[in-house]
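Computation of the quantities below employed the complete heavy-atom set of this structure, encompassing side-chain atoms and omitting hydrogens, waters and symmetry-equivalent molecules. First listed ligand is number 1; within each ligand, the first listed atom is number 1.
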Amino acid sequence: MKKIITLIMASVLSVSLFAEKLYVGTNAEFVPYEYLENGKLTGFDVELMELIGQKAGYEIIWKDISFDGLIPALQTGKIDAIIAGMSQTTERQKAVDFSNPYLYFKSEHLVLVNNKSSLNNKEELKNKIVGVQLGSLQEEFATKLGAEVRPYNSFLGALMDLENNKIDGVIIADKTGYEYLKSMKTLKILDKITDNYPGASIALKKGSLEKVEKINDILENLKNTDEYNNLVIKYFPEKNN
Ligand code: ARG
């Protein structure tokens with residue numbers, strides 16, 4: 001009997017002491033979703049994932065990698081999940097399993113140009129050089145516009161080239177674009193693009209049904225709670241919901 005009790009106690013202890021480690025990949029240059037503040041990883045996605053980790057019993061271990069390296073890292077098992085403001089495109093759905101979306105507002109994208117640009121709308125970017133983040137949804141939009149797509153590892157690089165008139169436009173997610181516009185005064189909004197993809201979702205390795213269900217349940221329970229709403233208000237104050 002004593003032995004059994006000791007065994008039970010040992011297993012209870014080990015569960016709390018050794019929570020399952022979940023290696024989560026992100027790309028920390030996507031304000032307000034994920035970014036570095038004084039060298040520390042923060043943002044809506046980061047806080048949300050930590051919250052999910054607490055509820056699911058995962059210890060989250062963060063890996064900051066380039067956006068186009070995220071899905072390959074998941075596929076090769078270097079990470080277990082991705083949270084990076086990643087939209088569920090049909091192409092990506094073939095490569096990974098997605099949770100339900102964790103943000104419930106429409107995603108829009110800004111088409112930015114230099115203040116000096118003479119372009120009047122996004123259609124005029126046909127055959128012009130458009131900077132986008134490599135592997136992003138915006139890359140797809142630029143291709144659809146018939147632009148000459150210039151892929152960058154970081155948005156910042158693309159925006160700096162736009163400031164220096166090296167390229168004709170940049171397509172970027174709206175919230176992130178507005179953040180950069182606050183400091184980059186030589187850029188302006190030319191146009192907007194709305195997409196109909198389901199919103200940002202957490203990606204898991206193909207076949208991780210159990211984890212997907214666990215995360216979906218937690219997301220469902222978080223919806224409309226103060227815990228969730230406060231995060232939205234903190235990082236997306238303009239949404240105010
Ligand atoms: N929503 C866009 C996409 O899914 C851009 C996401 C970029 N995220 C990032 N952490 N850099 O392609």
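Under a 4.0 Å N-O distance rule, the pair Glu37/Lys40 does not qualify as a salt bridge.
Of the possible donor and acceptor atoms, one in the side chain of Lys122 sits under 3.5 Å from a partner among the backbone N and O of Lys192. Looking only at distances, a side-chain donor or acceptor of Asn216 sits under 3.5 Å from a matching main-chain atom of Asn100. A donor-acceptor pair is defined here as one N or O able to donate and one able to accept, closer than 3.5 Å; no such pair exists between the side chain of Asp174 and the backbone of His109.
The closest protein non-hydrogen atom to atom 11 (N) of ligand 1 is Asn27 OD1, 2.7 Å. Considering only non-hydrogen protein atoms, atom 8 (N) of ligand 1 sits nearest to Ala84 O, 2.9 Å.
Taking each heavy atom of Tyr197 and Thr90 in turn, the nearest pair found is CE2-N, 4.3 Å. The minimum heavy-atom distance linking Val132 with Ala142 is given by the pair CG1-CB, 4.1 Å.
Checked against a 6.0 Å centroid threshold, the rings of Phe30 and Phe67 do not count as neighbours.
Shown in contact with Gln133 at under 4.0 Å from a heavy atom are these atoms of ligand 1, numbered in order with element: 7 (C), 11 (N). With ligand atoms numbered from 1 in the order given, ligand 1 contributes 4 (O) to contacts under 4.0 Å with heavy atoms of Met86. Annotation for ligand 1: atoms under 4.0 Å from non-hydrogen atoms of Gln138 are 2 (C), 5 (C). Remark: ligand 1 atoms within the under-4.0 Å shell around heavy atoms of Ser136 are 12 (O).
Taking a 4.0 Å cut-off on heavy atoms, Phe67 registers as neighbouring ligand 1. Residue contact check for ligand 1: Arg92 places a non-hydrogen atom closer than 4.0 Å to it. Using a 4.0 angstrom heavy-atom cutoff, Gly85 counts as in contact with ligand 1.
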